[in-house]
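Residue numbers start at 1 and run along the sequence shown.
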Amino acid sequence: MNNLEKIREYWNTRSEGYRQQVEKEREEHKDEFYKEYFRQIPEGSKVLDIGCGPGFFSLLLASLGLKVTAADYSEGMLEKAKDLLNRNGYHNVEFCRADAQHLPFADASFGAPSMARFCRVQIPNSPDEGKS
């Protein structure tokens, strides 16, 4: 099994636990902090959520009127993302199983990429993060 397949297997087995972690963040309203950054993207823009995981950022982006394509290599994560978006009434999000290193899209297909794995590094931590 190559490294990419090992990574896919890992995230498939972690998809439920990671979904629960994301749900907790939503319950704690941490999504509002991230929305402030995403509001800078013009409404109606096409956005690619690379490594979408269980759909936390895909949901935020869709809720702001953006045209979202959610991509992940893990089928388990894509299923969790589809469930989250559908449960919240966002049926117009496109889903794609894709390797983030070899995306199946033409250059300039999207106005703004969002990389969930890296997004938290690029966006400052929320003011409440780390507080007990």
Side-chain angles (χ1 to χ4, degrees):
M1 182 182 302
N2 67 34
N3 286 338
L4 186 58
E5 291 305 312
K6 288 178 184 175
I7 293 168
R8 182 186 62 80
E9 278 290 310
Y10 172 80
W11 285 111
N12 278 340
T13 60
R14 285 272 297 120
S15 62
E16 178 57 24
Y18 194 65
R19 182 203 61 80
Q20 291 174 7
Q21 178 184 334
V22 165
E23 287 293 324
K24 183 178 180 206
E25 287 188 24
R26 288 186 60 232
E27 290 169 7
E28 294 171 352
H29 304 288
K30 289 186 179 178
D31 53 345
E32 290 302 320
F33 174 78
Y34 296 113
K35 278 185 182 180
E36 288 304 312
Y37 290 92
F38 292 133
R39 283 189 178 105
Q40 297 173 44
I41 302 169
E43 189 172 339
S45 294
K46 287 180 68 178
V47 231
L48 174 61
D49 186 5
I50 306 165
C52 69
F56 179 78
F57 288 108
S58 299
L59 178 64
L60 297 182
L61 294 163
S63 74
L64 295 171
L66 302 170
K67 298 173 184 171
V68 180
T69 297
D72 204 293
Y73 197 68
S74 163
E75 302 92 340
M77 288 295 188
L78 284 171
E79 286 303 316
K80 300 299 181 192
K82 287 177 189 176
D83 180 61
L84 177 67
L85 276 288
N86 286 332
R87 278 188 293 120
N88 284 278
Y90 296 99
H91 306 287
N92 60 341
V93 173
E94 293 183 32
F95 296 92
C96 174
R97 182 173 176 258
D99 174 0
Q101 298 176 77
H102 305 285
L103 294 169
F105 309 106
D107 290 348
S109 295
F110 300 92
S114 164
M115 296 184 72
R117 295 297 118 234
F118 303 104
C119 198
R120 293 174 189 238
V121 174
Q122 294 173 350
I123 296 175
N125 291 333
S126 75
D128 297 326
E129 197 164 309
K131 292 183 180 177
S132 309

Participant: With a 4.5 Å limit on heavy-atom distance, are the side chains of Leu85 and Val68 in contact?
Facilitator: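 Contact flag for Leu85/Val68 side chains = no.
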Participant: Please give me the minimum heavy-atom distance between Pro42 and Leu66, naming the atom from each residue.
Facilitator: O-CD2, 3.2 Å
Participant: side-chain contact (heavy atoms from CB on, under 4.5 Å) for Phe110 and Val47? Distances and angles first, verdict last.
Facilitator: CA-CA 5 Å; Phe110 300 92; Val47 231; 5.6 Å; no
Participant: Under the side-chain contact (heavy atoms from CB on, under 4.5 Å) rule, collect the residues that match up with Lys6, sequence neighbours excluded.
Facilitator: Met1, Asn3
Participant: Taking all atoms of both residues into account, what is the closest heavy-atom pair of Asp72 and Cys52, and its distance?
Facilitator: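 Result for this residue pair: OD2-N, 3.3 Å.
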Participant: Would you say Tyr73 and Tyr18 are hydrophobically clustered, going by side-chain heavy atoms of ILVMFWY under 4.5 Å?
Facilitator: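 Looking at the clustering, Tyr18 is in a separate group from Tyr73.
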Participant: Got more than 12 heavy atoms from elsewhere within 6.0 Å of NE2, His91?
Facilitator: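 Above 12, so yes.
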Participant: Can I get a per-line list of side-chain donor-acceptor pairs under 3.5 Å for residues 75-84, giving both atom names and the distance, sequence neighbours left out?
Facilitator:
residue	atom	partner	partner atom	Å
Glu75	OE1	Arg8	NH1	3.1
Glu75	OE1	Asn12	ND2	3.0
Glu75	OE2	Arg97	NE	3.4
Lys80	NZ	Glu16	OE1	2.8
Asp83	OD2	Arg87	NE	2.9

Participant: With heavy-atom distances below 4.5 Å as the criterion, would you say the side chains of His102 and Leu4 are in contact?
Facilitator: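 Counting from C-beta outward, His102 and Leu4 never come under 4.5 Å.
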Participant: Checking side-chain contact (heavy atoms from CB on, under 4.5 Å) for the pair Phe57/Tyr34: CA distance, chi angles, key distance, verdict?
Facilitator: CA-CA 8 Å; Phe57 288 108; Tyr34 296 113; 3.8 Å; yes
Participant: At what distance, to the nearest 0.5 angstrom, does CG of Leu61 lie from OG of Ser45?
Facilitator: 10.5 Å
Participant: Taking all heavy atoms of Ala100 and all of Ile50, pick out the closest pair and write down the distance.
Facilitator: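 Taking Ala100 first and Ile50 second, the nearest heavy atoms are CB-CG2, 3.5 Å.
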Participant: Any ion pair linking Glu36 and Arg39 (charged N to carboxylate O, less than 4.0 Å)?
Facilitator: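 A salt bridge links Arg39 with Glu36.
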Participant: Can you check whether Phe105 reaches Thr69 side chain to side chain, under 4.5 Å on heavy atoms?
Facilitator: yes
Participant: Kindly determine whether Glu43 and Leu64 satisfy side-chain contact (heavy atoms from CB on, under 4.5 Å), including the steps that lead there.
Facilitator: CA-CA 7 Å; Glu43 189 172 339; Leu64 295 171; over 6 Å; no
Participant: How long is the gap from CD1 on Ile7 to CG on Asn2, to the nearest 0.5 Å?
Facilitator: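 Reported to 0.5 Å precision, the distance equals 8.5 Å.
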Participant: Looking at CZ of Phe56 and CD of Gln21, how far apart are the two atoms once the value is rounded to the nearest 0.5 Å?
Facilitator: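 Phe56 atom CZ to Gln21 atom CD measures 10.0 Å (nearest 0.5 Å).
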Participant: Roughly how far, to the nearest 0.5 Å, is the CZ atom of Phe95 from the CG atom of Asp49?
Facilitator: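 Here the interatomic distance stands at 9.5 Å.
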Participant: Please examine the side chains of Ser74 and Arg14, heavy atoms only from C-beta on, and report whether any two atoms are closer than 4.5 Å.
Facilitator: no
